[in-house]
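Worksheet: one structure, shown below.
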Protein chains: 2
Amino acid sequence: MAASTETPEQADGQAALARHAPQPPCPAARPRLRRDAERNRQRILRAAAEVFTERGLEATLDDVARHAGVGVGTVYRRFPDKVALVSELFQDRIDAMVAEAERAHAEPDPWTGLVSYLKYVAETFAGDLGLRQMMMFGAHGGTRTRYARERMRPAVTRLVKRAQAAGQVRADLRATDIPFIAIMLTTAGEYAAQVRPDIWRRYLNLIIDGLRPERDTATPLPVAALTPQELEQMLSAGPGGGAGPGRRFSP
Amino acid sequence: MAASTETPEQADGQAALARHAPQPPCPAARPRLRRDAERNRQRILRAAAEVFTERGLEATLDDVARHAGVGVGTVYRRFPDKVALVSELFQDRIDAMVAEAERAHAEPDPWTGLVSYLKYVAETFAGDLGLRQMMMFGAHGGTRTRYARERMRPAVTRLVKRAQAAGQVRADLRATDIPFIAIMLTTAGEYAAQVRPDIWRRYLNLIIDGLRPERDTATPLPVAALTPQELEQMLSAGPGGGAGPGRRFSP
DNA sequence: TCTAAGCGGAGATGGCATCTCCGTTCCGGG
DNA sequence: CCCGGAACGGAGATGCCATCTCCGCTTAGA
């Protein structure tokens, strides 16, 4: 194979870890690892990213270990527990989310700013089950996600207020409605994950049309609707397609 | 002779229902119980209805027994297993749902019919977690719920088509979008259960406004939006308020 | 009165996820 | 090249929880 060019994530991961590590914030505190150990550490982080992103936070550390090609013991030697691993893993993604809320506010057109933010959030959650669970379920690093939401809140409020001041959004919308829209869209996406993962775009457009104070035409709904067969398959399997995190009531 | 060219979904309802019933629907088949036994049976059914409706299907039979004031053994003597109990319990509620889909189609105004159906579904699911889980997650009596959905499908299709023919609904809406709307609304309600259980009404109106082909004004959003504090509390707890069925990622 | 139906609930059973332990492997400094 | 100790793997200890069984005691009702 070609000489392995280090992915930016790896280098970046180190920095983020040092900055946000819950226990020892000082990078020097972590002693240099033997080369094989360091390599495994990276493997674990990469595997964890893939597994948690795809299958959600209730994937087991055994899964992560297997996916990384190491033993569970190795995982637990590097990370005190599951929470620590997950928490470290999602830190920069959460930061990116906050940054996007602020970026959207910089958009010249208020309506475009609001819509692009909604789209970004839905897209991000749709593609990252683990991140979604961190932000939308109390679980894992509560302080961390709470802080992220606190930082996002004023940006979203301004986003909504500005669009309303421009008369582009119905006056009775509130900033707290935005997270609900995100939750609803993401849920739709999660249900349809196996069948039509981007069906949420259809409902984003639907909701966007509902957000306007008045309008002459509807923006067309993108992505085909499910066929009745696909719908039946989806409802029979439940969210996540049957194997995923929604498989809650099997007895 | 009956036409053999009938579409499958419109095949004889009652017969299929009887065919799918796991136990004989005839009560006479069940031998007379001693008076105390019969009384306990009723208690169990009532307790199960309350518990599963409120807390969802993953409430344990121990919960049901305790709530009924009997021992678990008594529950298991009357019902072979959890699935049998749940399945029997929700049968008529499912039937009622199907009936409502047909009733909505009898509504004189197409738009009113569609909206009232949406409202009914959201309202029903919001007030009955167990029913929601039966219909939206593959779990428990798959045949039974599948059959219910099969009967609902043509009614919903007609509902949508009729409203479109009258120019009251955007042309690109499809019948399979309706269940998604129900899913999204119910999810919003489930999240906010502890804080503002009927917040879904807000988003029903939002979506309804999105359904129209064009409009001059928005229908006002009922129910106050969440305060930022309520929102934070909700997102910290997760769907169901922390104790419910959404508490999936605690480790 | 007397017997079989009924009862309660402790606990057997099975499953699953987290985390530990220890015999073995293999870096890497001297 | 060699050897001490870091690192490894993964079986299994531990803990939890839900389903369902079993058996000694209770009670309806002929």
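Chain A is the first sequence line, chain B the second, and so forth, proteins listed ahead of strands; every chain is numbered from 1.
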Figure out the [atom1]/[atom2] separation between [X] and [N], and round it to whole Å.
X	N	atom1	atom2	result
B:E38	C:dA5	CD	C1'	14 Å
B:R78	C:dG6	CZ	C1'	7 Å
B:D81	D:dC20	CG	P	5 Å
B:R43	C:dG6	CZ	P	16 Å

Could you please name the option among C:dT18, D:dG9, C:dC7 that lies closest to any side-chain atom of A:D62? C:dT18
Would you call [X] and [Y] a salt bridge, using N to O less than 4.0 angstrom?
X	Y	result
B:R103	B:E100	yes
A:R144	A:D95	no
A:E38	A:R32	no
B:R66	B:D63	yes

Using a cut-off of 4.0 Å on non-hydrogen atoms, how would the nucleic acid contact of B:R66 be classed: base, sugar-phosphate, or nothing? nothing
For A:R39, report the nucleic acid contact type (base, sugar-phosphate, nothing); a contact means any heavy atom under 4.0 Å. nothing
Counting only side-chain nitrogens and oxygens, does [X] get under 4.0 Å of the OP1 or OP2 atom of [N]?
X	N	answer
A:N40	D:dC8	yes
A:T60	C:dA17	no
A:T74	D:dA7	no

Starting from the 5' end of DNA chain D, give me the residue, A:G73 or B:Y76, whose nearest nucleotide shows up first.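 Nearest-nucleotide comparison on DNA chain D picks A:G73.
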Ignoring hydrogens and angles, tell me if any N or O in the side chain of A:K119 forms a donor-acceptor pair with the backbone of A:L204 under 3.5 Å. no
Identify all pairs in which a protein N or O lies below 3.5 Å from an N or O of nucleotides 28-30 of chain C, and state each distance.
| from | atom 1 | to | atom 2 | distance (Å) |
| --- | --- | --- | --- | --- |
| C:dG28 | OP1 | A:R35 | N | 2.8 |

Which residue is it: B:Y203, B:W200, B:Y191? I am looking for the one with a ring pair (Phe, Tyr, Trp, His ring centres under 6.0 Å) to A:F180.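 With A:F180 as partner, ring pair (Phe, Tyr, Trp, His ring centres under 6.0 Å) holds for just one option, B:Y203.
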